[in-house]
Amino acid sequence: MLPTVRQVLATQVLASAEPEILAAAHQLDRPVRWIHPAEVSDIAHLLRGDELVMTTGSFLPADDQGLGAYAESLAAAGAAGLLFELGRKWQEVPEALTNACAKVELLLVALHREVRFAEVTEQIGGLILESQVEDLRAVDQVHETFTRLDLEASGPEEILGAVARSAGFPVVLETTRHQVIGFDSAGRNTTYILKDWTRRSRAAVSFGRTGYDRRRGWLMTVVGSRGDDWGRLVLMTDALPSRRDYVLLERAAGALVLHQMRTRARDSIERNTHTNLLVDLRSGRMSPELALRCEAVQFPVQSRQFFAIGIRGRIPVDGSKQWQPSDVAMLLTSSARALGLSMLVGLDTDHVLGLVSTPLNTSVDGVLRGLTQELGRSGGFVAARGEVVESIEQVFRTLIDARNILGATTDDDPRSWVTLADVHLRGLIQLLRDDDRLNLFVRRELGPLVTYDARHGTQLLELLAVVLQTPDGKAAAAKRLLLSRTVLYDRLAKIEKILGVSLDDPHIRTSLHVAVLAHSRH
């Protein structure tokens, strides 16, 4: 793990310079990738991030505006801090520079005694090199651990346990719908880890497959192969994660994917066959051979009507065990058999997908009523029905429908089953959730607010979501948020300033509402 600013300042060469923290002391635990002596004011474009910049200030501008711009450029480049040696041009650090560093949260340290920059670079460089070598050893150990787990065909419990022991932090495995399906508390309080998980997880910001949300202290990586992502792994850290932590989490995600592949391979031949048929049918590439394969598993395709149904277990509120997709699949299969239904049942990430074949003119609602009643005897489930089609060539539409409608349906929906007519805008957003254009729209609409929240530890995005989703106006939103109207209006004004919009404009409100809904689906 790279040394922190605090550790660097504690070295003999810098400790002898009598360092004094003048601004952004909370950045002392940031990692230092390199130390960069620089006697020019336009050094920022040469930085890659996490460098400590050292200067005597000889070439710095004397005016307040120039000093402010210098601090802003270093912060924007991701510098770990600024070491300012006094005694040559400056006898004390300019107040304008101190204020500017505090404003942009750039660590500023005054060195009251002269030091040899070359000696500092040599000593700190050695410290960094030593930490990198140690980091490589630790990474090798991570690979050895997970190679052993892979060979032993270890399951999620063993994999998560290895992460928690190695990192010393809690780790949580969740589905793409932010349902917890596994965790290891690393000896921490379980209630603290899991309380209000879905809301907290939806608010966590992570761009790319692996990312770090500094505000929450969450290191996150996607679990699954591209195009078939089914979960997310979250390491809840107390400090900035190291390279080793990134490798640890990504290696664990790979082990979980391998376990899932083995589990699918060990599943019943019938389930595996049904799942493969559903994948081929959903692709829309119908062929005579595929129709024969369906008939061969006693799934009739001639003169029939078809509809897909997506099923998942509700998140239990009484502490009972969460239904796993494999269990739901077995239950759906047995329910279909009890009712004499022809159905293909397959596993699809965190839910189960079924395709029903019935004679033409059969009451679809009657079939669904009997099926959901049969399922309801064993627990609480969310069900979504796709479009009814009358040709095997069109079943891809109902399969896609059912999957997307289920993804847009919340666990608190009281209906026995949900159709496309019930999900409205949420259904459209669910359908487009992987579209880069939708993601670009969300970043354009909400990006500055997400960045502001992450930098300042605020929750303005959550407040905006409540206001936009409260039908009775700002007064009702203030009551729902337990805020006075004055405080709410002040925060809304702050949001308007950050986003550069007016919330009184109905078009702006509509655009932001769509963006907030789309953001909550990721």
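Taking the side chain as every heavy atom from C-beta outward, His112 and Pro19 never approach each other to under 4.5 Å. Two residues are said to be in side-chain contact when any heavy atoms from C-beta on lie closer than 4.5 Å; Met220 and Asp213 meet this criterion. Residues Leu160 and Leu173 have side chains in contact (heavy-atom distance under 4.5 Å, counting atoms from C-beta outward). Leu9 has its side chain within reach of Val5: a pair of non-hydrogen atoms, C-beta onward, lies under 4.5 Å apart. Side-chain contact between Pro325 and Arg312 is absent, with no heavy atoms from C-beta onward closer than 4.5 Å. Taking the side chain as every heavy atom from C-beta outward, Val172 and Arg232 never approach each other to under 4.5 Å. Residues Thr221 and Leu235 form no side-chain contact, since every pair of their non-hydrogen atoms from C-beta on lies 4.5 Å or further apart. Using a 4.5 Å heavy-atom cutoff, the side chains of Phe84 and Leu111 are not in contact.
For Phe59, the CZ atom counts as loosely surrounded, since its 6.0 Å shell holds 12 or fewer non-hydrogen atoms of other residues, nucleotides or ligands. More than 12 heavy atoms of other shown residues, nucleotides or ligands fall within 6.0 angstrom of atom CD in Glu158. Counting non-hydrogen atoms of other residues, nucleotides and ligands closer than 6.0 Å to NE2 of His26 gives a total above 12. The number of heavy-atom neighbours closer than 6.0 Å to CZ of Arg444, taken from other residues, nucleotides and ligands shown, is above 12. Counting heavy atoms of neighbouring residues, nucleotides and ligands inside a 6.0 Å radius, atom CD of Glu92 does not exceed 12 of them. Residue-environment remark: NZ (Lys89) exceeds the threshold of 12 foreign heavy atoms within 6.0 Å. For CD of Glu157, the number of neighbouring non-hydrogen atoms (other residues, nucleotides, ligands) closer than 6.0 Å is 12 at most.
Scanning all heavy atoms of the two residues, the minimum distance from Ala71 to Ala100 falls at CB-CB, 3.8 Å. Nearest heavy-atom pair across Leu86 and Val93 is CD2-N, 3.6 Å.
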* To do: Show the numbers, then the answer: is there a salt bridge (Lys or Arg N to Asp or Glu O under 4.0 Å) between Asp453 and Arg216?
  => CA-CA 11 Å; Asp453 276 347; Arg216 285 174 171 75; over 6 Å; no

* To do: Start with the C-alpha distance between Leu83 and Leu14, add both sets of side-chain angles, then the distance that settles side chain to side chain contact (heavy atoms under 4.5 Å, CB included), and finish with yes or no.
  => CA-CA 10 Å; Leu83 305 185; Leu14 285 178; 4.1 Å; yes

* side chain to side chain contact (heavy atoms under 4.5 Å, CB included) between Glu72 and Leu106: does it pass, once the steps are laid out? -> CA-CA 8 Å; Glu72 290 174 3; Leu106 175 69; over 6 Å; no

* For Ser484 and Thr486, run side-chain hydrogen bond (donor to acceptor under 3.5 Å, both in side chains): C-alpha distance rounded to whole Å, both residues' side-chain angles, the deciding distance at 0.1 Å, then the answer. => CA-CA 5 Å; Ser484 69; Thr486 302; 4.7 Å; no

* **Test side chain to side chain contact (heavy atoms under 4.5 Å, CB included) applied to Thr470 and Leu481, step by step** => CA-CA 10 Å; Thr470 301; Leu481 290 163; over 6 Å; no

* To do: Mind running side chain to side chain contact (heavy atoms under 4.5 Å, CB included) on Met54 and Leu82 for me, showing each step along the way?
  => CA-CA 6 Å; Met54 291 185 63; Leu82 175 63; over 6 Å; no

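At least one donor-acceptor pair under 3.5 Å links the side chain of Arg200 to the backbone N or O of Ile193.
Ion pairing of Arg88 with Glu114 is present here, as a side-chain N (NZ or NE/NH1/NH2) and a carboxylate O approach within less than 4.0 Å. Classification of Glu85 and Arg113 as a salt-bridged pair fails, no side-chain N sitting under 4.0 Å from a carboxylate O.
Between atom CD1 of residue Ile159 and atom CZ of residue Arg251 there is a gap of 9.5 Å, rounded to the nearest 0.5 Å.
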